[in-house]
Amino acid sequence: MEISVILPSYNPTEKLITTVNELANAGFDDIIVINDGSKNTEIFDKIKDLPFTTVLSHEKNRGKGQALKTGFEFFTENRHNKIGVVTTDDDMQHTAEDIAACCREMEKTGIAVFGARNFKGKEIPPKSRIGNNITSFTFRFLCGIKITDTQTGLRAVPRSYLPLLIKTEGERFEYETNMLLSMKENGLPFKEIPIKTIYADNNSGTHFRPVRDSIKIYTVILKYIASSLISSTIDLIGFTLINLLLPKHWDEWVRIFISTIAARAVSSAVNFTVNRKKVFKSNSRLDKSLLKYYSLTVCQMLASYGLVYLITYASGTSQSIFQTLHKMAVDLFLFFVCFVIQREWVFNESKQGKDR
C-alpha cells in the first residue's frame, strides 16, 4: 500500500504494539509513530526496531496536533514514493480493516477520506455523543461543512493536502478542527465512509480534556461570527444616534432610511476588512470580493430598512428606542442569512476560481 500511517502517541499502553502489528498484517509497510513526550518509553523501545516502523520523539508533550504535523513534515521530506498518509489513534479505536478501507477510497477518489462512526448506539460515551452532535451541527450551520464524525482520528489524506495542513494553526485537539476549516477555506474536498464504532473501557484512555480542549475548538469556530457581532454593534450604535438626532418632524421612512444607510456605510467597511483578512482569510481578488460584498450589503440594508419600517408601521411605534429593538431583531435574522452568503459566495475562494 503506497500510503504511510501517521500514529501520534502519548503514554501508550500495550495496545500500541497490537495496533502496529495489526497494521503491518493489513499490508502497511511504513508506520510513523510519534512519541509525544511520553514519560515511559518502554513501549516505543519495543517497536522502534521493527523494519516497517519509524519512531519520532518530542522531548516534551506538545499535543496531538503538533505530533500530527511532525509526522506530516517527516513524510513530505522522506517518503517521496508514497501518495499520501492515513492518521489513526494508538488505542485500537479503529480497526486495520477500516484504516485500509479509507486508504483504498482515497486512492480511488484522489481526495481525503475520513472514517465516520455511528454515534447513535448506547455504547457511545455520553460526552462523546453529545459533543460530536453539537460540533457536527455547528460545523454544518456556521461553516458549511457537512461532517457526521467531527472527532474521528481516522483520516486518509493525499500528499497534495499536506503543505497546507503543516501550516495550519493548532497544537492540541483543536488542530483536527482547524484541519477541516483550512480544507474548507482552500477548496480541498473530503468524503466520509462508515467504520466500526469502538469505545474500549468507555474511552477511558483518551487524552482529550473536555473543558479546555472544547474551549479551544469552539474558539476556532466562534471567530467566524465575532467580526459580524462587532460590525453589528457599530451599526446599531450609529443607527440609534443618527435616528435620535434627526429632526422629529421628518417622516418615519426618511429617518429610518437615512439612519440605516449612514450606519451601514461605516459598519460595512469594518466588516469587509475583518472578514476578508481575519475571518475567511480569502486571497481572492479584492475588486471581485468588494463588488460581491457591497452587492450583498445593499440588499441587506434594503431588507433591514424595509423590515424595520414594516414592524414600526404595524406596531405603531414612533421615533424611539423601540425602533432600535426592532432593528436588533431584524439584523439578527439577516446576520445568519448573510453569513452563509458571505461564506459560500463573497469570500469563497474556491468558487471564485482562486483569483489572485
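In the hydrophobic clustering of ILVMFWY residues, with side-chain heavy atoms under 4.5 Å counting as a link, Met328 and Leu241 come out apart. Placement of Ile256 and Trp250 within a single hydrophobic cluster is found when ILVMFWY residues are connected by side-chain heavy-atom separations under 4.5 Å, directly or transitively. Hydrophobic clustering of Ile, Leu, Val, Met, Phe, Trp and Tyr side chains at less than 4.5 Å, counting indirect connections, keeps Leu291 apart from Tyr294. In the hydrophobic clustering of this structure, Leu296 groups with Met301; members are Ile, Leu, Val, Met, Phe, Trp, Tyr whose side-chain heavy atoms approach within less than 4.5 Å, directly or through other members. Under the 4.5 Å side-chain heavy-atom criterion for grouping Ile, Leu, Val, Met, Phe, Trp and Tyr, Tyr313 is not connected to Ile258 through any hydrophobic cluster.
Pairing each heavy atom of Lys60 with each of Asp36, the nearest pair is O-OD1, 3.9 Å. Considering all non-hydrogen atoms of both residues, Ile311 and Val330 come closest at CD1-CG2, 3.7 Å. Contact record, His94 with Asp89: NE2-OD2, 3.5 Å, taken as the closest heavy-atom pair. What you find for Lys146 and Phe190 is that their closest heavy atoms are O-CZ, 3.8 Å. The shortest non-hydrogen separation linking Ala24 to Ile31 is N-CD1, 4.1 Å. Of all heavy-atom pairs spanning Gly84 and Met106, the tightest one is CA-CE, 4.1 Å.
Checked against ring-ring contact (aromatic ring centres under 6.0 Å, His included), Tyr161 has no partners two or more places apart in sequence or in another chain. Partners of Lys48 under the salt bridge (charged side-chain N to carboxylate O under 4.0 Å, His left out) rule, at least two apart in sequence or in another chain, are Asp45.
Annotation for Phe52: atom CZ counts as buried by contact number, over 12 foreign heavy atoms lying within 6.0 Å.
Side-chain atoms of Phe74 and Ile6, non-hydrogen and from C-beta on, never get closer than 4.5 Å to each other. The shortest distance between side-chain heavy atoms of Lys69 and Leu165 does not fall below 4.5 Å. When side chains are defined from C-beta on, Thr87 does not count as touching Val157, because their heavy atoms never get closer than 4.5 Å. Within the 4.5 Å cutoff, the side chain of Cys102 has heavy atoms near those of the Ile193 side chain. The shortest side-chain heavy-atom distance between Leu286 and Phe272 falls under the 4.5 Å cut-off. A 4.5 Å side-chain heavy-atom check between Arg172 and Lys64 finds every atom pair outside the cut-off. Within the 4.5 Å cutoff, no side-chain heavy atoms of Asn40 are placed close to those of Asn11. Using a 4.5 Å heavy-atom threshold, the side chains of Ile230 and Thr233 count as separate.
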Q. Are Glu252 and Thr312 close enough, and set up right, to give a side chain to side chain donor-acceptor pair (under 3.5 Å), and what steps lead you there?
A. CA-CA 9 Å; Glu252 292 285 351; Thr312 298; 6.0 Å; no
Q: For Asp331 and Ser304, run side chain to side chain donor-acceptor pair (under 3.5 Å): C-alpha distance rounded to whole Å, both residues' side-chain angles, the deciding distance at 0.1 Å, then the answer.
A: CA-CA 7 Å; Asp331 285 354; Ser304 178; 3.0 Å; yes
Q: Quick one: do Ser315 and His326 satisfy side-chain contact (heavy atoms from CB on, under 4.5 Å)? Show the steps, please.
A: CA-CA 10 Å; Ser315 62; His326 299 159; 3.6 Å; yes
Q. Stepwise, does the side-chain contact (heavy atoms from CB on, under 4.5 Å) test hold for Leu154 with Val86?
A. CA-CA 7 Å; Leu154 175 49; Val86 61; 3.6 Å; yes
(Q) Set out, in order, the CA-CA distance, both residues' side-chain angles and the distance that settles side-chain contact (heavy atoms from CB on, under 4.5 Å) for Asn271 and Gln342, then state yes or no. (A) CA-CA 11 Å; Asn271 185 248; Gln342 285 190 45; 3.6 Å; yes
Q: Go through Phe44 and Ser38 one step at a time and tell me if the side-chain contact (heavy atoms from CB on, under 4.5 Å) criterion holds.
A: CA-CA 9 Å; Phe44 299 101; Ser38 301; 3.5 Å; yes
Q: Could you go through the salt bridge (Lys or Arg N to Asp or Glu O under 4.0 Å) check for Asp149 and Arg155 one step at a time?
A: CA-CA 11 Å; Asp149 186 354; Arg155 303 180 178 190; over 6 Å; no
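Separating the CD atom in Gln300 from the CD1 atom in Ile341 is a distance of 8.5 Å, to the nearest 0.5 Å. Atom-to-atom distance recorded for Ile17:CD1 and Lys46:NZ is 4.5 Å, nearest 0.5 angstrom. A distance of 11.0 Å separates CG in Leu181 from CG in Asn186, rounded to the nearest 0.5 Å. Note: Ile166 CD1 to Thr70 OG1 = 9.5 Å, rounded to the nearest 0.5 Å. Note that CZ of Phe75 is 9.5 Å distant from NE2 of His80, once rounded to the nearest 0.5 Å. We find the NZ-CD1 distance between Lys15 and Ile43 to be 12.5 Å, quoted to the nearest 0.5 Å.
Between Phe257 and Tyr305, the ring planes are perpendicular. Angles over 60° get that label, and only those under 30° would be called parallel.
A donor-acceptor contact closer than 3.5 angstrom links the side chains of Thr168 and Ser182.
Applying the side-chain contact (heavy atoms from CB on, under 4.5 Å) test between Phe239 and each of Leu244, Ile234, Thr260, Ile261 identifies Thr260 as the sole match. Just one residue in the list Asn78, Asp30, Thr54 forms a side chain to side chain donor-acceptor pair (under 3.5 Å) with Ser4, and that residue is Asp30. Checking each of Ile34, Thr53, Leu23 against Leu7 for a side-chain contact (heavy atoms from CB on, under 4.5 Å) leaves exactly one that passes, namely Leu23.
Asn178 places a side-chain N or O within 3.5 Å of a backbone atom of Glu169 that can act as its donor or acceptor partner. Panel note: side chain Glu105, backbone Val113; no donor-acceptor pair is recorded below 3.5 Å.
Listed by first then second residue, pairs satisfying salt bridge (charged side-chain N to carboxylate O under 4.0 Å, His left out) with a partner in residues 230-240 read Asp235-Arg264, Asp235-Lys327, not counting sequence neighbours.
Under the 4.0 Å criterion applied to side-chain N and carboxylate O atoms, Asp98 and Lys196 are not assigned as salt-bridge partners.
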